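Being a predicted model, the structure only gives us computed values, none of them experimental.
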Amino acid sequence: MKSLNKILVTGGAGYIGSITTQELISAGYDVVVFDNLHQGHAEAVPPQATFVRGDLADKAAVKALFDDHPDIDGIMHFASYTLVGESMEKPLLYLRDNLVNAANLLEEATARGVRRFILSSTANLFDLPPDRQFDAIDERFPIIPGSPYGEGKFFIERMLHWFNRIYGLKYACLRYFNACGALPDRGEDHNPETHLIPLVLQVALGQRPHITIFGDDYPTRDGTCLRDYIHVIDLAHAHILVMEALDRLVTRQYNLGNGKGYTVKEVIEAARRVTGHPIPAIVGPRRPGDPAVLVASSETIRRELGWEPKYASLEAIIQSAWEWHRTHPRGYASLGK
Ligand code: UFG
């Protein structure tokens with residue numbers, strides 16, 4: 001197979017995509033970012049990357065992308081609708097649009113002879129049965145998507161399976177648990193923001209009066225939901241590691257987390273220590289669709305590829321996010337362009 005020089009990153013103006021783009025550039029790759037900027041920010045795309053604004057729903061735009069860049073060797077596919085909650089209200093964005101966009105990309109990529117593909121997948125594939133609630137989730141766990149978002153990602157995983165069988169596509173699906181943290185110049189900037197850590201830090205910045213804890217009657221050590229928080233830079237490194245190993249991989253799915261769970265209350269407590277702000281919290285009702293516990297077992301990628309998260313401590317993760325939010329209180333709009 002051709003050597004690996006030029007990578008297409010769809011969704012490279014988004015949170016995880018832009019940080020992975022930065023890491024790819026640091027590792028010496030040429031990167032083309034394709035993003036429609038519905039959720040991403042042009043300012044997040046590293047200046048060394050070639051930025052193409054376009055939509056995967058637009059087949060002509062996808063064709064033009066490959067016409068202009070016939071030398072793409074691999075694809076990292078981040079572009080997606082990504083909100084679990086929204087997927088319960090607008091399922092077709094996830095069960096149709098995410099799928100069609102991936103199909104448009106795969107159709108063109110395959111026709112052009114691109115043979116390497118990494119999918120941004122999710123822990124939302126797993127919704128644990130009651131008798132296994134406290135197990136760390138490895139790749140052999142039953143797939144029971146928690147929402148149309150997770151189901152849509154699973155559809156794409158299955159599409160990749162058939163592209164492998166039929167066209168010999170080398171692929172891997174990286175199932176992230178709770179991505180969080182930031183680099184000094186790139187971090188989370190969603191509108192609306194729904195994720196716990198940025199919301200908590202917005203309280204510390206005085207932008208919100210309090211954080212609402214979604215339920216404190218779960219079967220966990222303090223009654224609040226337990227999650228596995230993994231730093232975005234550790235996810236970025238996993239992408240590069242897997243892309244570089246794709247030609248020899250036998251495993252196609254990797255669960256990515258720290259393997260340690262923290263409750264919502266523990267996250268708020270850690271943010272209080274990091275920021276020195278009291279961060280008022282009130283308890284509200286449960287959020288529909290939230291499993292009590294989601295903790296990854298990432299033993300497979302550790303064993304096969306030697307992946308080791310550098311940010312194992314929750315406080316260090318929150319500290320990195322705090323630096324970003326403190327210095328960019330309005331996200332990328334703080335850059336004043
Ligand atoms: N939470 C609150 N209050 C808030 C926001 C969140 O209590 O204001 C709680 C949630 O109920 C949950 C935890 O904080 O228990 C984490 O919530 P996030 O919204 O930050 O993240 P999720 O676990 O819901 O979802 C994340 C990603 C999804 C991915 C999923 C996989 O956003 O894309 O992890 O587990 F599918």
Can you tell me how far the [atom1] atom of [X] sits from the [atom2] atom of [Y], to the nearest 0.5 Å?
X	Y	atom1	atom2	answer
Asp30	Leu8	CG	CG	12.5 Å
His237	Ile19	NE2	CD1	10.5 Å
Thr122	Leu294	OG1	CG	8.5 Å
Leu335	Thr327	CG	OG1	9.0 Å
Ile166	His161	CD1	NE2	8.5 Å
Phe177	Leu235	CZ	CG	11.0 Å

Side chains of [X] and [Y], heavy atoms from C-beta outward: is any pair under 4.5 Å?
X	Y	result
Gln253	Ser121	no
Phe126	Ile143	yes
Val100	Asn104	yes
Thr20	Met76	yes
Arg287	Cys225	no
Leu246	Leu4	no
Thr50	Asp68	no
Glu86	Ser147	no

Please check if the side chain of [X] supplies one atom and the backbone of [Y] the other of a donor-acceptor pair under 3.5 Å.
X	Y	result
Arg326	Leu201	no
Thr10	Ala79	yes
Trp307	Asp234	yes
Ser320	Ile317	yes
Asp35	Ala13	yes
Asn258	Tyr311	yes
Asn124	Gly150	yes
Arg286	Gly215	no
Asp228	Gly259	yes
Thr263	Glu266	yes

Under the side chain to side chain donor-acceptor pair (under 3.5 Å) rule, what do Gln39 and His190 come out as? Steps first, then yes or no, please.
-> CA-CA 7 Å; Gln39 299 161 79; His190 300 117; over 6 Å; no
Derivation of the salt bridge (charged side-chain N to carboxylate O under 4.0 Å, His left out) call for Arg175 and Asp138 | CA-CA 10 Å; Arg175 297 159 171 176; Asp138 66 23; over 6 Å; no
Heavy-atom pair with the smallest gap, counting every atom of [X] and [Y]:
X	Y	result
Tyr29	Asn5	CD2-O, 3.5 Å
Gly257	Ser298	N-OG, 2.9 Å
Val203	Pro209	CG1-O, 4.0 Å
Glu151	Pro145	N-CB, 3.4 Å
Ser3	Asp73	O-CG, 3.3 Å
Ala172	Leu249	CB-CD1, 4.4 Å

His41 and ring-ring contact (aromatic ring centres under 6.0 Å, His included): which partner among Tyr15, Tyr332, Phe51?
-> Tyr332
Identify whether [X] and [Y] are in the same connected component of the hydrophobic contact network (ILVMFWY, side-chain heavy atoms under 4.5 Å).
X	Y	value
Leu226	Val267	no
Val62	Met159	yes
Trp322	Ile233	no
Val293	Ile144	no
Ile211	Ile282	no

Short N-O contact, Arg112 and Asp67, less than 4.0 angstrom =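 Yes, Arg112 and Asp67 are salt-bridged.
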Between Asp247 and Arg116, is there a salt bridge with N-O shorter than 4.0 Å?
-> yes
What about the rings of His195 and Tyr229, do their centers lie closer together than 6.0 Å?
-> no
Within 45° cone of Tyr171 ring axis and under 6.0 Å: Arg252 NZ or CZ = yes
Check the angle between the aromatic planes of Trp324 and His328 and answer parallel, tilted or perpendicular using the 30° and 60° thresholds.
->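 Ring orientation, 0 to 90° scale: parallel.
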Describe, in one word, how the ring planes of Tyr149 and Tyr94 are oriented to each other, choosing from parallel (under 30°), tilted (30 to 60°) and perpendicular (over 60°).
->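 Because their plane-to-plane angle is over 60°, the rings of Tyr149 and Tyr94 count as perpendicular.
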If you measure only the distance, is there a donor-acceptor pair under 3.5 Å linking the side chains of Glu139 and Thr251?
-> no
How about Gln202 and His325: does a side-chain donor come under 3.5 Å of a side-chain acceptor?
->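 No, because no side-chain N or O of Gln202 sits under 3.5 Å from a partner of the opposite role on His325.
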Would you indicate whether Lys6, at its atom NZ, is surrounded by more than 12 heavy atoms from other residues, nucleotides or ligands within a distance under 6.0 Å?
->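 Enclosed: over 12 neighbouring heavy atoms sit under 6.0 Å from NZ of Lys6.
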